[in-house]
Visitor: 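Pasting a structure below so you can have a look.
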Amino acid sequence: MSEQEMIVPPLPHEGERIALSSYGSITISGVDASGKESAKAGNKDCNVFDDRLRAGEGNAIIVAVEKATGPAPLCRCLEFYPTRAVITAHDQEGKRKGGGEHSRYAWSARDHRKMRFPTHIHHDAASNRHPDGVRRRLRILSWEPHNVTWWNCFVGMVGNTLWVVNGAYAVWPDLAKHGEVGATNIIYYTGVIGAGLYVITGYLGWVEAINHTHGYVRIPPAKKDGDSKDVRVMHCQHVQYGLEHHPLGFSLGRTMEREAMDGRVEYAPVVEKYSGDIKEMERNSDVREKSAFFDMQGYMWWTNHPDLCHIGIFNALVYFLSTLIFWIPAIVWLPMEELDDLTPRSEITWIYLPQIVPSVGFIYVGYAAMAEAAGSWTRPAFDAIGWWISFLNTIGGVGFLLYAVLALPSVVGKAGCCDELMRWGASMATFWGSCSFWVAGILQCVEFSSEHPITLGSASAGAPSVRKKV
């Protein structure tokens with residue numbers, strides 16, 4: 001483990017029963033001399049939490065979670081975990097060196113997924129764990145090809161650039177050397193390749209979500225060194241029998257009760273009955289073993305049992321499916337345009353409807369990502385770069401949606417009746433929507449490259465304000 005990061009595995013309490021997916025529950029029975037805890041499932045013994053509960057050199061343990069807030073349930077049918085919280089960590093390394101025993105941090109689900117440090121809540125400059133000065137915290141680019149988020153940013157930037165070119169030639173076809181024919185070919189191939197790259201970013205975002213979301217919380221080092229940056233390596237929590245862990249200890253088997261006074265989260269464990277044996281659970285659950293499902297970096301590349309109560313995982317799934325649908329019209333529109341017997345119904349069904357549906361998905365994902373960054377569906381978080389990225393992605397989705405909607409009159413109307421609307425309405429919407437995606441991609445590169453918070457804000461002087469669940 002690097003000296004510049006500490007892993008924070010949250011500890012269940014002794015005797016606590018934790019829901020084991022849909023297969024039952026386990027009881028934490030105690031810690032042995034090696035720092036491991038054993039668990040019982042039914043009448044069988046198993047070591048489920050070995051890697052999660054190891055408290056080795058440089059590790060810290062979350063001892064309190066306060067002021068946890070998150071978006072309200074989606075249509076009252078899907079409860080989301082909190083996306084913002086104040087955590088208190090027991091810093092074992094700092095205690096051995098004579099430092100403070102506890103440190104408080106403003107934790108964000110999005111920053112956690114992007115493998116960024118939570119904001120240290122400090123009371124004086126000497127105790128601040130983040131580098132002084134925004135120039136030492138702000139990084140424009142990074143070289144981390146071992147990290148799936150890095151590839152997501154890189155591929156996304158190439159795709160966004162192609163779509164900007166696509167929109168530019170759609171609005172100003174005279175830019176092409178061979179006139180309208182050359183512009184049409186440029187529009188088609190940039191659209192096909194750009195939409196294909198969006199599919200790749202959708203899949204990479206899915207891989208990022210199902211892996212990084214369940215990783216350990218990373219705490220900024222006590223030693224400030226803004227001029228050097230360690231390589232970030234994903235520390236995936238060990239999973240057996242279909243049980244995955246929330247980084248702050250939330251579980252589908254717990255109900256969360258909030259106190260209006262201080263916003264503190266209390267857990268009410270849900271006890272479930274279990275019938276069966278361990279072998280049956282192994283056959284029926286999504287067991288993740290490094291030898292079978294992981295590569296050398298520890299990534300799981302697919303799961304059939306995602307925890308959709310993480311809004312980041314739910315958004316990643318919606319976005320991936322939207323990109324797959326969006327790729328269809330990008331591929332078929334030019335071959336269909338060359339057909340002699342093309343009907344308006346076929347054109348709408350295969351070209352414009354498959355653009356409207358995923359564009360709505362893009363808008364939802366952008367808006368839901370804003371809610372994740374802010375911890376609320378209605379309140380903004382102007383101090384969070386992730387909120388601005390999501391805002392710009394939402395604007396980009398609106399542009400893509402308007403293209404399909406404004407192009408419909410030219411399909412159902414007479415030839416040439418709506419050329420100006422098609423050019424300055426639909427095509428221009430594609431152009432400024434693509435530009436919005438492009439700016440969001442630049443900021444996303446900055447977000448991932450800047451491991452420390454870019455703006456410390458009010459959280460650096462004390463606890464952030466309590467945001468009620470909206």
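Remember, it's a predicted structure, so these values are computed and weren't measured experimentally.
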Visitor: Under the side-chain contact (heavy atoms from CB on, under 4.5 Å) criterion, do I210 and Y299 qualify, and how do the steps go?
Guide: CA-CA 9 Å; I210 63 177; Y299 278 105; over 6 Å; no

Visitor: Which pair of heavy atoms, one from C445 and one from L141, lies closest together, and at what distance?
Guide: CB-CD2, 4.4 Å

Visitor: Between Y198 and T323, which heavy-atom pair has the shortest distance, and what is it?
Guide: O-CG2, 3.4 Å

Visitor: Pick from T394, N315, N393: which one makes a side chain to side chain contact (heavy atoms under 4.5 Å, CB included) with V365?
Guide: N315

Visitor: If you measure from NE2 on H452 to CG on L138, what distance do you get to the nearest 0.5 Å?
Guide: 12.5 Å

Visitor: How far does NE2 of H212 sit from NE2 of H310, to the nearest 0.5 angstrom?
Guide: 14.0 Å

Visitor: Does the pair W388 and F391 meet the rule for a side-chain contact (heavy atoms from CB on, under 4.5 Å), with working shown?
Guide: CA-CA 5 Å; W388 287 104; F391 174 77; 4.3 Å; yes

Visitor: Does the side chain of Y169 come within less than 4.5 Å of T190's, by heavy atoms?
Guide: no

Visitor: Could you tell me whether F326 and W163 have their ring centroids closer than 6.0 angstrom?
Guide: yes

Visitor: Just by distance, do the side chain of W327 and the backbone of V192 share a donor-acceptor pair under 3.5 Å?
Guide: yes

Visitor: Please assess Y367 against E372 for the test side-chain contact (heavy atoms from CB on, under 4.5 Å), listing each intermediate value before the final yes or no.
Guide: CA-CA 9 Å; Y367 179 66; E372 178 190 30; over 6 Å; no

Visitor: Which pair of non-hydrogen atoms, one from G375 and one from R84, has the smallest distance, and what is that distance?
Guide: N-CD, 3.6 Å

Visitor: Any side-chain heavy atom of P380 sitting closer than 4.5 Å to one from M370?
Guide: no

Visitor: Does R110 use its side chain to pair, donor to acceptor, with the backbone of A369 at less than 3.5 Å?
Guide: no

Visitor: For residues T184 and E337, determine if any side-chain heavy atom of one lies less than 4.5 Å from a side-chain heavy atom of the other.
Guide: no

Visitor: Any donor-acceptor pair under 3.5 Å linking the side-chain atoms of H130 with those of H120?
Guide: no

Visitor: Evaluate the side-chain proximity of V217 to H112: yes if any heavy-atom separation is below 4.5 Å, no if none is.
Guide: yes

Visitor: Which value, rounded to the nearest 0.5 Å, describes the distance between F448 atom CZ and R139 atom CZ?
Guide: 12.0 Å

Visitor: Does A72 offer a backbone N or O that forms a donor-acceptor pair with the side chain of W377 under 3.5 Å?
Guide: yes

Visitor: Count the heavy atoms belonging to other residues, nucleotides or ligands that lie under 6.0 Å from CH2 of W150, then report whether that count exceeds 12.
Guide: yes

Visitor: Side-chain contact, heavy-atom cut-off 4.5 Å: S103 with I219?
Guide: no

Visitor: Does the side chain of E347 come within less than 4.5 Å of L339's, by heavy atoms?
Guide: no

Visitor: Give the intermediate values and the outcome of side-chain hydrogen bond (donor to acceptor under 3.5 Å, both in side chains) for residues E208 and T149.
Guide: CA-CA 6 Å; E208 172 193 279; T149 305; 2.7 Å; yes

Visitor: What distance do N166 atom CG and N160 atom CG have between them, rounded to the nearest 0.5 Å?
Guide: 12.0 Å

Visitor: Does atom OH of Y188 have more than 12 heavy-atom neighbours from other groups under 6.0 Å away?
Guide: yes

Visitor: Would you say S346's side chain and L342's backbone share a donor-acceptor pair under 3.5 angstrom?
Guide: no

Visitor: Sub-3.5 Å donor-acceptor pair from the side chain of W301 to the main-chain atoms of V207, do we have one?
Guide: no

Visitor: Which of these, K114, R116, R218, sits in a salt bridge (Lys or Arg N to Asp or Glu O under 4.0 Å) with E451?
Guide: R218

Visitor: Any donor and acceptor pair, going by atom type alone, linking the side chain of Y319 with main-chain N or O of G205 inside 3.5 Å?
Guide: no

Visitor: Under 3.5 Å, is there a donor-acceptor pair between the side chain of R104 and the main chain of I87?
Guide: no

Visitor: Are the side chain of W432 and the backbone N or O of G399 linked by a donor-acceptor pair below 3.5 Å?
Guide: no

Visitor: Quick check on Y364: does its OH atom have over 12 non-hydrogen neighbours (other residues, nucleotides or ligands) under 6.0 Å away?
Guide: yes

Visitor: Do you know which two heavy atoms are closest between I385 and I454, and how far apart they sit?
Guide: CD1-CD1, 3.9 Å

Visitor: Using the rule given for side-chain contact (heavy atoms from CB on, under 4.5 Å), can you reason through T69 versus T83, listing the C-alpha separation, both sets of side-chain angles and the distance that settles it, and then say yes or no?
Guide: CA-CA 6 Å; T69 60; T83 59; 5.6 Å; no

Visitor: Step through it carefully: locate the ring centre of W302, locate the ring centre of W206, and say whether they are under 6.0 Å apart.
Guide: yes

Visitor: Considering non-hydrogen atoms only, spot the tightest contact between G386 and A373 and give its length.
Guide: C-CB, 4.1 Å

Visitor: Is there a side-chain contact between L392 and L443 (heavy atoms, below 4.5 Å)?
Guide: yes

Visitor: Do the non-hydrogen side-chain atoms of F117 and D111 ever get within less than 4.5 Å of each other?
Guide: no

Visitor: To the closest 0.5 Å, what do you measure between CE (M422) and CG (L408)?
Guide: 9.5 Å

Visitor: To the nearest 0.5 Å, what is the distance between CE (M157) and CG (L162)?
Guide: 10.5 Å

Visitor: Compute the centroid of each ring, for W333 and then for W350, and state whether the two points are separated by less than 6.0 Å.
Guide: no

Visitor: Over all heavy atoms of both residues, which pair between T430 and G167 is shortest? Give the atoms and the distance, please.
Guide: CG2-CA, 4.2 Å

Visitor: Between the side chain of S449 and the main-chain N/O of V446, is any donor-acceptor distance below 3.5 Å?
Guide: no

Visitor: Any donor and acceptor pair, going by atom type alone, linking the side chain of T201 with main-chain N or O of N152 inside 3.5 Å?
Guide: no

